[in-house]
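Atoms considered below: every heavy atom in the structure, side chains included; atoms not considered: hydrogens, waters and symmetry mates. Keep in mind that this is a model prediction, so the values were computed, not measured.
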Amino acid sequence: MAIIRTEHLGREVEGKRILDDINLEVSEGEVVAIVGPSGAGKSSLLRLLNRLDEPTTGTVYFAGQDYRTLAPAELRRRVGMVMQTAFLFPGTVAENVRFGPSQRDELLSAQAVGSLLAQVGLEGFSTREIHNLSGGEAQRVALARALANSPAVLLLDEPTSALDEDSKLGIENLISAVVESRRLTCVIVTHDLQQAGRMAARVALLSSGRLVRTGLTREVFGAERQP
């Protein structure tokens, strides 16, 4: 079953076509990587999937429902997103993790916060101030904050590009473990083809705002290497 399906999805900004006629399906429980050269529209597509930006043409179906019929806050609870840079609020780690549920007047218990932090390898970090975190730790908090909303889909926009190699591999392994244990659907934007190969079974290749190929990672990358 396709949990996300885009139908003739496009976006134009100030007369410039950013994305054009994107038709893509992501099945429940699948991990898909969106790859392509710089400026291909990868991050723009990801932002359209949970309405951080609005499409100019077409639409997105979430679990068979046109996502324009869902309140944006509800959509973003069910389709969580982790950005390239962890945009955390001043304060403690626990306050950041509790943010999403608090918007629905739900208070996560200290035990629930601790459990989420343990899942992302930050056990005992609840009272740590955000400004005292390393880049890798901040990205783990951002992931825990997204997971606090119990999403069905996790969108990841270059989640390791700002990290050193050791931190990058640690975040990769963490994300893969969390996605598997929670049976999440995951869409990851990455410029790193090796990362796409490690994390995703299927890839969508963008070029100049158009979807030029989708398929199993090994098949698409094999075709791209051929002369």
Spacing of SG belonging to C186 relative to CG belonging to L155, to within rounding of 0.5 Å:
8.0 Å
Who pairs with E12 by salt bridge (charged side-chain N to carboxylate O under 4.0 Å, His left out), at least two apart in sequence or on another chain?
none
Note: D192-K168 ion pair, threshold 4.0 Å (strictly below)
yes
Using the rule that two of Ile, Leu, Val, Met, Phe, Trp, Tyr join whenever any of their side-chain heavy atoms come within less than 4.5 Å, decide whether L52 and L24 are in one cluster.
yes
Begin with the C-alpha distance, continue with both residues' side-chain angles, and end with the deciding distance and a verdict on side chain to side chain donor-acceptor pair (under 3.5 Å) for E172 and T160.
CA-CA 8 Å; E172 275 185 24; T160 64; 4.9 Å; no
Determine whether R198 and L169 make a side-chain contact, defined as any pair of heavy atoms from C-beta on separated by less than 4.5 Å.
yes
Heavy-atom closest pair (V97 atom, A148 atom, distance to 0.1 Å) is O-CB, 3.4 Å
Apply the test side-chain contact (heavy atoms from CB on, under 4.5 Å) to residues V93 and I130: give CA-CA distance (whole Å), side-chain angles for both, the deciding distance (0.1 Å), then the verdict.
CA-CA 6 Å; V93 168; I130 293 303; 4.1 Å; yes
For P72, all residues meeting side-chain contact (heavy atoms from CB on, under 4.5 Å), sequence neighbours excluded:
R51, R76
For the residue pair S161 and H191, establish whether any side-chain heavy-atom pair is separated by less than 4.5 Å.
yes
Do NZ/NE/NH1/NH2 and the carboxylate oxygens of R98 and E95 come within less than 4.0 Å?
no
Counting only heavy atoms from other residues, nucleotides and ligands, does the tally under 6.0 Å from CD of Q111 exceed 12?
no
Side-chain donor/acceptor of S181 to backbone N/O of V178, under 3.5 Å:
yes
Kindly say whether M83 contributes a backbone atom to a donor-acceptor pair with the side chain of Q139 at under 3.5 angstrom?
yes
So, applying side-chain contact (heavy atoms from CB on, under 4.5 Å) with I34, which one of T214, V187, L211 is it?
V187
Side-chain heavy atoms of V60 within contact of I4, under 4.5 Å
yes
Check whether L156 and L122 end up in the same hydrophobic cluster, where Ile, Leu, Val, Met, Phe, Trp and Tyr are linked by side-chain heavy atoms less than 4.5 Å apart.
yes
Could you tell me whether the side chain of N149 and the main chain of P151 form a donor-acceptor pair under 3.5 Å?
no
Pairwise side-chain contact, I188 with V32, heavy-atom cut-off 4.5 Å (strictly under):
no
Closer than 4.0 angstrom, basic N to acidic O: yes or no for E106 and R104?
yes
Quick one: do V179 and I3 end up in the same hydrophobic cluster if we chain Ile, Leu, Val, Met, Phe, Trp and Tyr together by side-chain heavy atoms under 4.5 Å apart?
no
Backbone of G10 reached by a side-chain donor or acceptor of T57 within 3.5 Å:
yes
Heavy-atom closest pair, residues A2 and E25
CB-OE1, 3.9 Å
I would like to know whether R140 and E137 meet salt bridge (charged side-chain N to carboxylate O under 4.0 Å, His left out); could you show each step before the answer?
CA-CA 5 Å; R140 288 170 185 255; E137 290 167 348; over 6 Å; no
Donor on one side chain, acceptor on other, Q65 and T69, under 3.5 Å:
yes
What I'd like to find out is whether the side chain of S102 reaches to under 4.5 Å of the side chain of L107, using heavy atoms alone.
no
With distance as the sole test, does K42 use its side chain to make a donor-acceptor pair with the main-chain N or O of L206 at under 3.5 Å?
no
Counting C-beta onward and ignoring hydrogens, is there a side-chain heavy-atom pair between L116 and L108 closer than 4.5 Å?
yes
Start with the C-alpha gap between Q119 and R182, add the side-chain angles, then the distance that decides, and say whether side chain to side chain donor-acceptor pair (under 3.5 Å) holds.
CA-CA 11 Å; Q119 287 179 50; R182 286 178 169 247; 3.1 Å; yes
Single-linkage hydrophobic cluster, 4.5 Å side-chain cutoff, L143 and L88 together
yes
From E30 atom CD to L184 atom CG, the distance as rounded to the nearest 0.5 Å:
13.5 Å
Is it the case that the side chain of T185 and the backbone of G29 share a donor-acceptor pair, with hydrogens and angles ignored and the cut-off at 3.5 Å?
yes
Closest non-hydrogen atom pair between S43 and D157, with its separation:
OG-OD1, 2.9 Å
Just by modelled atom types, is the T92 backbone N or O under 3.5 Å from a matching donor or acceptor in the N96 side chain?
yes
Evaluation steps, side chain to side chain donor-acceptor pair (under 3.5 Å), between T190 and Q195
CA-CA 7 Å; T190 180; Q195 180 176 79; 2.8 Å; yes
Flag yes if V141 and F87 sit in one hydrophobic cluster, no otherwise; membership is Ile, Leu, Val, Met, Phe, Trp, Tyr, and two members link when side-chain heavy atoms are under 4.5 Å apart.
no
Donor-acceptor contact below 3.5 Å, side chain S115 vs main chain A112
no
Are Y67 and Y61 close enough that their ring centers fall under 6.0 Å?
no
Mind checking salt bridge (charged side-chain N to carboxylate O under 4.0 Å, His left out) for D21 and listing every partner two or more places apart, or none if nothing turns up?
none
For F89, does the six-membered ring have the charged nitrogen or CZ of R145 within the cation-pi criterion, i.e. under 6.0 angstrom from the centroid and within 45° of the normal?
yes
Exam field: side chain R11 to backbone R17, donor-acceptor pair closer than 3.5 Å:
no
Kindly indicate, with the supporting measurements, whether the criterion side chain to side chain donor-acceptor pair (under 3.5 Å) is fulfilled by T217 and R202.
CA-CA 5 Å; T217 307; R202 193 162 65 93; over 6 Å; no
